[in-house]
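Presented below is the structure to which this report refers.
Numbered from 1 within each chain, the chains take letters A, B, ... in sequence-line order.
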There are 2 protein chains.
Amino acid sequence: MRQEDLGRLVGYQLKRVQAALRAAMDDTLRAHRLTTPQYVCLELLGQRPGLSNAELARDAFVTRQSMNAMLQNLQDAGLVERPASAPHGRALPTRLTPLGASRLAAARADVLAIERRMTSALDEAQTRILLAQLDSMATALSG
Amino acid sequence: MRQEDLGRLVGYQLKRVQAALRAAMDDTLRAHRLTTPQYVCLELLGQRPGLSNAELARDAFVTRQSMNAMLQNLQDAGLVERPASAPHGRALPTRLTPLGASRLAAARADVLAIERRMTSALDEAQTRILLAQLDSMATALSG
DNA sequence: AAGCTTATGTCAGAATCCTGACATGAGACA
DNA sequence: TGTCTCATGTCAGGATTCTGACATAAGCTT
């Protein structure tokens with residue numbers, strides 16, 4: 001097939017996998033009435049309740065403005081809740097509603113199935129090495 | 001449950017690396033007056049001259065409409081050229097102008113430096129394995 | 001106490017990208 | 001030949017995200 005130079009760059013293959021993963025997640029999450037960024041937001045809140053908008057934005061790799069709009073939608077859908085006033089500073093700690101928690105649990109099963117399918121060619125040791133390599137790549141770029 | 005921590009998911013680390021890579025490329029390419037998608041487009045044309053808009057879109061992981069707008073900008077900037085009418089079918093084969101080729105060469109040096117920095121912790125054998133793993137992950141999701 | 005720094009939430013505007021739709025050109029096939 | 005299917009380029013509209021900017025709140029330094 002096409003054996004062009006671009007395919008031998010890690011950055012290009014990275015983008016290719018990420019695009020395929022995003023498409024697979026969008027397809028699956030549509031049945032749960034969630035977008036991929038929304039799912040990431042719910043997952044973060046499920047594991048670390050009380051995160052502020054800015055913290056969520058950093059961990060989801062979007063801007064504060066984008067995450068704020070996303071939280072508005074999730075709040076209107078009744079999946080998350082925020083206090084009207086800040087208990088400390090300006091940060092508004094966000095939490096999942098019972099509806100949001102159940103929606104997350106249902107969606108997570110399907111997303112984990114995608115993750116398993118994606119890494120089906122890798123055993124546990126290879127996956128561990130891959131995670132370490134990805135971590136070193138991210139820190140090499142950010143740090 | 002620590003096992004289901006987001007950081008232990010390959011998909012999340014993938015997104016993290018991709019975000020860091022995109023930020024690094026945006027910063028570097030700004031000096032060349034190029035965006036990251038525009039650079040990818042020029043790189044594709046540099047290696048496979050005469051690609052159509054639809055082919056470029058597929059290989060750059062964007063829609064035809066987005067790529068078409070991108071080509072309009074690159075054409076206005078004098079970096080690429082397209083014939084006014086299609087020599088066969090409806091596809092308009094696009095090529096780099098001399099200015100586009102030189103711009104690409106200058107930008108490529110900086111982008112390859114980022115690629116090397118990103119994979120600085122990996123030797124040649126590890127990089128080869130990583131590329132193979134990423135390829136298997138993409139095909140497992142798409143196929 | 002006063003000023004500086006940092007972080008957060010928010011508003012306004014623009015740029016980017018996408019979904020949906022339509023007409024055109026080429027090849028396949030009855 | 002006529003029709004069907006597929007791919008391409010393009011238009012219109014909307015959704016998402018970003019950049020830039022501002023005011024507020026807490027911690028720290030002087």
Side-chain angles (χ1 to χ4, degrees), chain A residues 15 18-27 29-30 33-42 44-45 48 50-77 80-95, chain B residues 15 18-27 29-30 33-42 44-45 48 50-77 80-95:
Chain A
K15 177 68 179 173
Q18 205 266 337
L21 175 60
R22 174 62 182 265
M25 289 183 66
D26 283 341
D27 286 344
L29 289 172
R30 194 170 296 117
R33 275 181 286 180
L34 288 174
T35 65
T36 297
Q38 284 174 341
Y39 167 77
V40 174
C41 181
L42 293 184
L44 286 167
L45 288 173
R48 297 157 62 196
L51 282 180
S52 71
N53 174 43
E55 291 171 320
L56 285 168
R58 278 192 296 268
D59 292 349
F61 310 106
V62 296
T63 60
R64 285 169 294 170
Q65 295 86 338
S66 297
M67 181 56 72
N68 194 22
M70 201 183 306
L71 285 179
Q72 298 274 0
N73 293 337
L74 290 173
Q75 204 166 2
D76 293 345
V80 306
E81 58 186 358
R82 280 195 291 182
S85 64
H88 180 71
R90 299 199 68 191
L92 299 173
T94 310
R95 296 180 182 279
Chain B
K15 176 70 178 172
Q18 204 266 336
L21 175 59
R22 174 63 184 265
M25 289 183 66
D26 283 342
D27 286 345
L29 289 172
R30 193 170 297 118
R33 276 181 251 165
L34 288 174
T35 67
T36 296
Q38 285 174 339
Y39 167 77
V40 173
C41 180
L42 293 184
L44 286 167
L45 289 174
R48 298 157 61 197
L51 282 179
S52 70
N53 175 42
E55 291 171 319
L56 285 168
R58 277 192 297 269
D59 292 349
F61 311 106
V62 296
T63 60
R64 285 170 294 170
Q65 295 85 340
S66 296
M67 180 57 72
N68 194 21
M70 203 182 305
L71 285 179
Q72 298 275 0
N73 292 337
L74 290 173
Q75 206 165 0
D76 293 344
V80 307
E81 57 186 0
R82 280 194 290 182
S85 64
H88 180 71
R90 298 199 68 192
L92 299 172
T94 310
R95 296 180 182 280

Using a heavy-atom cut-off of under 4.0 Å over every strand shown, decide if Thr35(B) touches base, sugar-phosphate, or nothing.
nothing
For dT8(C), take OP1 and OP2 only and decide whether either is under 4.0 Å from a side-chain N or O of Asn53(A).
no
Check whether any side-chain heavy atom of Gln38(B) sits under 4.5 Å from a side-chain heavy atom of Arg33(B), and report yes or no.
no
I'd like to check Asn53(B) versus Thr94(B) (side-chain heavy atoms, cut-off strictly below 4.5 Å). Are they in contact?
no
Ion pair check, Asp26(A) and Arg30(A), cut-off under 4.0 Å:
no
So Arg22(A) and Pro37(A), do their side chains get closer than 4.5 Å, heavy atoms only?
yes
Atom CG of Leu56(B) to atom C1' of dA7(D): distance rounded to whole Å?
15 Å
Nearest-Å distance, CG (Leu92(B)) to P (dA26(C))?
12 Å
Enumerate the protein-to-nucleotides 17-20 of chain D contacts in which both atoms are nitrogen or oxygen and the separation is below 3.5 Å.
from	atom 1	to	atom 2	distance (Å)
dC18(D)	OP2	Thr63(A)	N	3.0
dC18(D)	OP2	Thr63(A)	OG1	3.0
dC18(D)	OP2	Ser66(A)	OG	2.6
dG20(D)	O6	Gln65(A)	NE2	2.6

Spacing between Arg58(B) atom CZ and dC6(D) atom C1', to the nearest angstrom:
12 Å
To the nearest 0.5 Å, how far apart are CZ in Arg82(A) and CG in Leu92(A)?
5.5 Å
Between dA7(C) (C1') and Leu51(A) (CG): distance, integer Å:
15 Å
Taking atom P of dT16(D) as reference, at what distance in whole Å does atom CG of Asn73(A) sit?
7 Å
Residues Val40(B), Lys15(A); criterion side chain to side chain contact (heavy atoms under 4.5 Å, CB included); working and verdict:
CA-CA 11 Å; Val40(B) 173; Lys15(A) 177 68 179 173; over 6 Å; no
When rounded to the nearest 0.5 angstrom, what is the spacing between CG in Leu71(B) and CG in Leu45(B)?
7.0 Å
Figure out the CG/C1' separation between Asn68(A) and dT16(D), and round it to whole Å.
14 Å
Measure from CG on Leu71(B) to P on dG9(D) and round the result to the nearest Å.
9 Å
Pick out the pairs of N or O atoms, protein on one side and nucleotides 23-25 of chain D on the other, that lie under 3.5 Å.
from	atom 1	to	atom 2	distance (Å)
dA23(D)	N3	Arg90(A)	NH1	3.1
dT24(D)	O2	Arg90(A)	NH1	3.3

Run the side chain to side chain contact (heavy atoms under 4.5 Å, CB included) check on Leu56(B) and Val62(B) step by step: do they pass?
CA-CA 9 Å; Leu56(B) 285 168; Val62(B) 296; over 6 Å; no
List the steps, then state whether side chain to side chain contact (heavy atoms under 4.5 Å, CB included) holds for Glu55(A) with Met67(A).
CA-CA 10 Å; Glu55(A) 291 171 320; Met67(A) 181 56 72; over 6 Å; no
